[in-house]
Number of protein chains: 2
Amino acid sequence: MVVDGVAAGSGGTDEAVDRLFHALADATRRDILHRCVRGELSVSRLAAAYPMSFAAVQKHVTVLERAGLVTKRRRGREQLVRTDPDAVGRARRALDELESAWRARVDRMSGLLTDDAAGAGPGHGTGPAPDDARTNTEKGPDR
Amino acid sequence: MVVDGVAAGSGGTDEAVDRLFHALADATRRDILHRCVRGELSVSRLAAAYPMSFAAVQKHVTVLERAGLVTKRRRGREQLVRTDPDAVGRARRALDELESAWRARVDRMSGLLTDDAAGAGPGHGTGPAPDDARTNTEKGPDR
DNA sequence: TCCATCTACAACCATTTGGTTGTACGTTAA
DNA sequence: TTAACGTACAACCAAATGGTTGTAGATGGA
């Protein structure tokens with residue numbers, strides 16, 4: 001489970017989410033996504049637009065593809081790249097989950113402790129944290 | 001930090017967006033975000049929950065902090081970590097931008113070039129792409 | 001056929017990452 | 001005061017990244 005099961009649920013596997021955000025964490029790749037949202041482009045045409053080698057762009061496209069953000073389709077000797085709109089939604093969902101968790105917390109404590117929430121809890125209680133270390137058992141060493 | 005301004009439309013500077021997504025691209029860090037959304041936690045308490053050293057967790061928190069996803073606040077000898085809900089929204093906005101670009105394209109091309117448009121002409125031209133390399137002149141080499 | 005394109009992929013490199021240990025310093029509790 | 005706790009940070013490492021060049025396989029056009 002992974003506590004984040006939830007998380008997992010939304011965007012996919014933990015690893016899938018890793019790949020998704022990792023792919024988005026590079027300006028060149030984000031730019032490729034933008035260009036290929038407007039229409040399909042061959043890899044070489046894309047490559048011509050950046051100050052780097054064809055091979056480098058090819059690798060970026062591979063990263064995007066493994067993350068499920070783009071799909072490739074062959075047309076003759078070219079490979080046309082297109083952004084998959086659904087994937088963008090998938091990434092959003094992973095974030096929405098975080099946001100909703102936050103909202104839930106706000107709900108629950110709408111009046112309780114003010115700023116020092118922490119103070120209260122842990123105190124020794126320590127309740128909160130105790131942790132669930134379990135949870136991570138598996139997620140930790142992911143990379 | 002970050003957010004200084006302006007910059008690229010969505011979530012801030014290109015680099016800020018890089019840091020944002022990079023920070024989200026690791027299951028351990030996402031888990032930290034989840035835990036700190038529920039309430040503040042000290043770094044050592046967080047560390048106790050993962051199968052790695054305190055220093056490693058400390059580094060993860062630093063990455064999250066530089067991305068603007070969490071804030072730290074001192075309480076005595078502890079450093080309490082808390083997820084910043086606004087940051088999540090910022091990340092969402094970056095994605096929304098992509099999605100809206102996609103939507104716009106669908107609008108505009110309700111029937112125009114499909115796949116072969118390009119084929120036809122000189123190949124290239126065609127609508128989609130000529131690369132207008134509009135500007136990207138330099139977004140590429142960011143890292 | 002011959003040649004120019006577009007891709008795919010391997011090999012190599014410099015820099016970053018994610019982790020570890022070890023040390024130093026401020027704070028809290030005995 | 002002294003000891004324990006929580007944090008900060010430096011030094012070091014293996015592996016992953018982002019790039020480069022070079023070679024080779026398909027495909028399309030002259």
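Throughout, a chain's letter reflects where its sequence line sits, starting with A, and its residues are numbered from 1.
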- Message: Judged by each residue's nearest nucleotide on DNA chain C, which is more toward the 5′ side, B:A55 or B:V63?
- Response: B:V63
- Item | Closest to the B:E78 side chain, choosing from D:dT20, D:dT7, C:dG19 | D:dT7
- Message: What is the distance, to the nearest angstrom, from the CG atom on A:L46 to the P atom on C:dC6?
- Response: 13 Å
- Note on the structure: In this structure, CG of B:D18 is separated from OG1 of A:T28 (nearest 0.5 Å) by 8.5 Å
- Message: Given the ring of A:F21, does A:R92 sit roughly above its face, with NZ or CZ under 6.0 Å from the centre of the six-membered ring and within 45° of the axis?
- Response: no
- Query: Does the side chain of B:H22 get closer than 4.0 angstrom to OP1 or OP2 of D:dG18 through an N or O atom?
  - Reply: no
- Integer-rounded Å distance: D:dA8 P and B:F54 CZ: 6 Å
- Message: Between B:S44 and A:S53, which residue's closest nucleotide on DNA chain D lies nearer the 5′ terminus?
- Response: B:S44
- Message: Taking the minimum atom-to-atom distance to the side chain of B:A56, which one of D:dG19, C:dG19, D:dT7 wins?
- Response: C:dG19
- Item | Euclidean distance, atom CZ of residue A:R66 to atom C1' of D:dT17 [Å, nearest integer] | 13 Å
- Check whether any side-chain nitrogen or oxygen of B:H60 sits under 4.0 Å from OP1 or OP2 of C:dT17, and answer yes or no. no
- Message: Between C1' on C:dT5 and CD on A:Q79, what's the gap in Å once rounded to a whole number?
- Response: 14 Å
- Query: Heavy-atom distance under 4.5 Å between the side chains of B:L69 and B:E65, does that happen here?
  - Reply: no
- Message: Without decimals, in angstroms, what is the distance between A:Q58 CD and C:dA10 P?
- Response: 11 Å
- B:F54 ring centre to B:R45 NZ or CZ under 6.0 Å, with the angle to the axis within 45°? no
- Message: Which nucleotide wins on minimum distance to the side chain of B:R77, given the candidates C:dT27, C:dC6, D:dT7?
- Response: C:dT27
- Does A:R29 or B:V43 map to a spot on DNA chain D nearer the 5' end, using the closest nucleotide for each? B:V43
- Taking CZ from A:R73 and P from C:dC6, how many angstroms apart are they, rounded to a whole number? 16 Å
- Message: Measuring from the side chain of A:T28 (C-beta onward, heavy atoms only), which nucleotide among D:dG19, C:dG26, D:dG28 has the closest atom?
- Response: D:dG19
- Under a 4.0 Å N-O cut-off, is there an ion pair linking A:D31 with A:R35? yes
- Grab the CG-P distance between B:D26 and C:dT16 for me, whole Å please. 19 Å
- Query: Are OP1 or OP2 of C:dA8 and a side-chain N or O of A:K72 less than 4.0 angstrom apart?
  - Reply: yes
- Rounded to the nearest Å, what distance is computed from the CZ atom of residue A:R74 to the C1' atom of nucleotide D:dG28? 13 Å
